[in-house]
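Take a look at the structure below.
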Number of protein chains: 2
Amino acid sequence: MDNRSNILSCALRLFATRGYDAVGVQEIVEAAGITKPTLYHYFGSKQGLLDALLKESFAPLYREVKSASVYRSDLPLTLHQMAKAHFDFANRNKMFYRLQLALWFAPPESDAFKAVSRLNHELYQLTEEVFMRAAVDHGNMKGRHRAYAATFVGMINNYIALSLNGYARLDDQLLYQAVHQFMHGIFS
Amino acid sequence: MDNRSNILSCALRLFATRGYDAVGVQEIVEAAGITKPTLYHYFGSKQGLLDALLKESFAPLYREVKSASVYRSDLPLTLHQMAKAHFDFANRNKMFYRLQLALWFAPPESDAFKAVSRLNHELYQLTEEVFMRAAVDHGNMKGRHRAYAATFVGMINNYIALSLNGYARLDDQLLYQAVHQFMHGIFS
DNA sequence: AAATTACTATACCACTCGGTATAGTCGATG
DNA sequence: CATCGACTATACCGAGTGGTATAGTAATTT
């Protein structure tokens with residue numbers, strides 16, 4: 001593996017397990033077996049490293065969720081596909097999803113939060129658009145697409161957070177249960 | 001206000017807006033208008049300051065949620081009360097709830113996460129116990145109390161996070177809507 | 001009055017932080 | 001062979017980190 005990829009992978013692991021602010025540049029380069037100038041050659045700064053890390057890791061997640069978010073008048077199906085895209089990605093990229101969740105809830109003035117907020121918003125938009133289109137078919141949902149999108153994304157991230165801490169397994173059964181509960185509640 | 005309380009309040013504000021690791025002790029004492037030995041006299045270390053801050057802020061939240069979690073064979077009522085306890089507390093202690101959410105999703109090896117995980121678990125237990133008792137009355141819920149508790153708490157925190165970022169207002173209408181959706185889904 | 005306790009400021013510690021100036025090394029290109 | 005650009009190591013920078021030794025002040029207790 002080339003140095004650049006190696007730095008990214010070590011930084012991801014350290015940031016995800018200990019936090020962006022708590023990990024120093026020195027620690028990253030030691031983990032990667034290189035020295036500081038090499039890191040600064042590729043990324044310019046610690047912040048630049050985080051930006052590159054987030055941007056390149058977000059790209060496949062966004063792509064997969066986007067292709068899962070086609071809506072053809074079958075809301076349960078679309079929600080199922082979108083949740084599955086999230087679950088599959090989280091299963092494959094546990095470290096990155098850990099980091100992503102931590103940054104999403106990070107203090108609003110922190111560098112880390114600023115770096116991730118725009119990317120996260122683009123992802124959220126995909127969900128909101130689905131509920132907007134669904135409101136055409138389901139009259140009683142009109143005007144509540146933002147609330148639904150926020151709840152749905154929150155629920156997905158909640159399940160992923162549970163699985164990352166060992167309280168659940170992101171399998172098809174949980175996927176079905178989650179989407180079903182979202183649509184029909186716990187009394188059914 | 002005495003020095004101790006003043007330090008706690010300044011530290012809370014700084015930790016919540018910029019993050020525990022990003023805020024130095026020097027910055028805290030300057031904000032509080034005192035010097036370092038004073039802080040170290042009361043709290044022993046930066047970590048000790050965080051511990052005291054969390055412990056003392058968690059106490060009223062736990063107390064209020066606990067008294068709201070009495071279950072008398074009316075699950076909707078109990079869930080309503082518990083969600084209201086969370087919402088009310090979050091409205092009154094926005095800064096602390098910000099910090100609390102950030103730490104809940106913080107990297108698992110970070111000092112901050114370790115400091116909050118036990119307290120958070122105690123709080124979560126209250127919810128789980130409600131669903132365990134409810135399962136006696138609602139047979140179809142048996143064996144799923146953990147999933148329900150996790151989802152319910154996750155939903156509440158999701159709504160509070162939204163309100164902290166200006167995307168919602170934690171009023172009675174949202175409260176009713178949230179609990180209703182949890183129980184009956186979006187198709188009703 | 002003397003001693004004790006609780007608290008706070010000055011000044012400092014060793015260490016780490018993010019970042020860089022300099023001097024290379026190396027393979028590709030002319 | 002000469003050169004050029006991409007990349008990497010040594011050694012260092014000023015600033016800031018969490019934490020403390022010392023000395024004091026002010027109120028309380030004996």
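We name chains A, B, ... by the order of the sequence lines, and we start the count at 1 in each one.
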- Roughly, in whole Å, what's the span from CD in Q26(B) to P in dT10(C)? 12 Å
- Nearest whole angstrom, please: distance from the P of dA9(C) to the CD of E30(B). 13 Å
- Note on the structure: Among dG18(D), dT8(C), dA21(C), the one nearest any side-chain atom of V25(B) is dG18(D)
- Message: Distance check needed: dT16(C) P versus R18(A) CZ, whole Å only.
- Response: 13 Å
- Query: How would you label the contact of V29(B) with the nucleic acid (heavy atoms, under 4.0 Å): base, sugar-phosphate, or nothing?
  - Reply: nothing
- Go through dT10(D), dT8(D), dG19(D) for me and flag the one nearest to the H41(A) side chain. dT8(D)
- Message: I want to know whether F96(A) and F58(A) have ring centres closer than 6.0 Å.
- Response: yes
- Query: When the distance from CG of L39(A) to C1' of dT20(C) is rounded to whole Å, what number comes out?
  - Reply: 13 Å
- NZ or CZ of K46(A) within 45° of Y20(A) ring axis and under 6.0 Å: yes
- Task: For L50(B) and dG19(D), give me the distance from atom CG to atom P, rounded to whole Å.
- Result: 12 Å
- Item | Distance, rounded to the nearest Å, where I34(B) contributes CD1 and dC7(C) contributes C1' | 11 Å
- Could you check which of dC7(C), dG19(D), dT8(D) has an atom nearest any side-chain atom of N3(B)? dC7(C)
- Task: Provide, to the nearest angstrom, the distance between the CD1 atom belonging to I28(A) and the C1' atom belonging to dT16(C).
- Result: 14 Å
- Task: Check whether any side-chain N or O of Y42(B) sits under 4.0 Å from OP1 or OP2 of dT8(C), and answer yes or no.
- Result: yes
- Whether T17(B) side chain and R13(B) backbone form a donor-acceptor pair below 3.5 Å: yes
- Can you tell me if H138(B) uses its side chain to pair, donor with acceptor, with the backbone of A134(B) under 3.5 Å? yes
- Does S45(A) place a side-chain N or O at less than 4.0 Å from the phosphate oxygens OP1/OP2 of dG18(C)? no
- Query: Do K46(A) side-chain and dG19(C) base share a donor-acceptor contact under 3.5 Å?
  - Reply: no
- Message: Which nucleotide wins on minimum distance to the side chain of T35(B), given the candidates dT8(C), dT8(D), dG18(C)?
- Response: dT8(C)
- Message: In this structure, how many angstroms lie between the C1' atom of dG18(D) and the CD1 atom of I7(B), rounded?
- Response: 15 Å
- Which is it for D2(A) and S5(A) under the side chain to side chain donor-acceptor pair (under 3.5 Å) test, yes or no, and what are the steps along the way? CA-CA 6 Å; D2(A) 62 307; S5(A) 308; 2.7 Å; yes
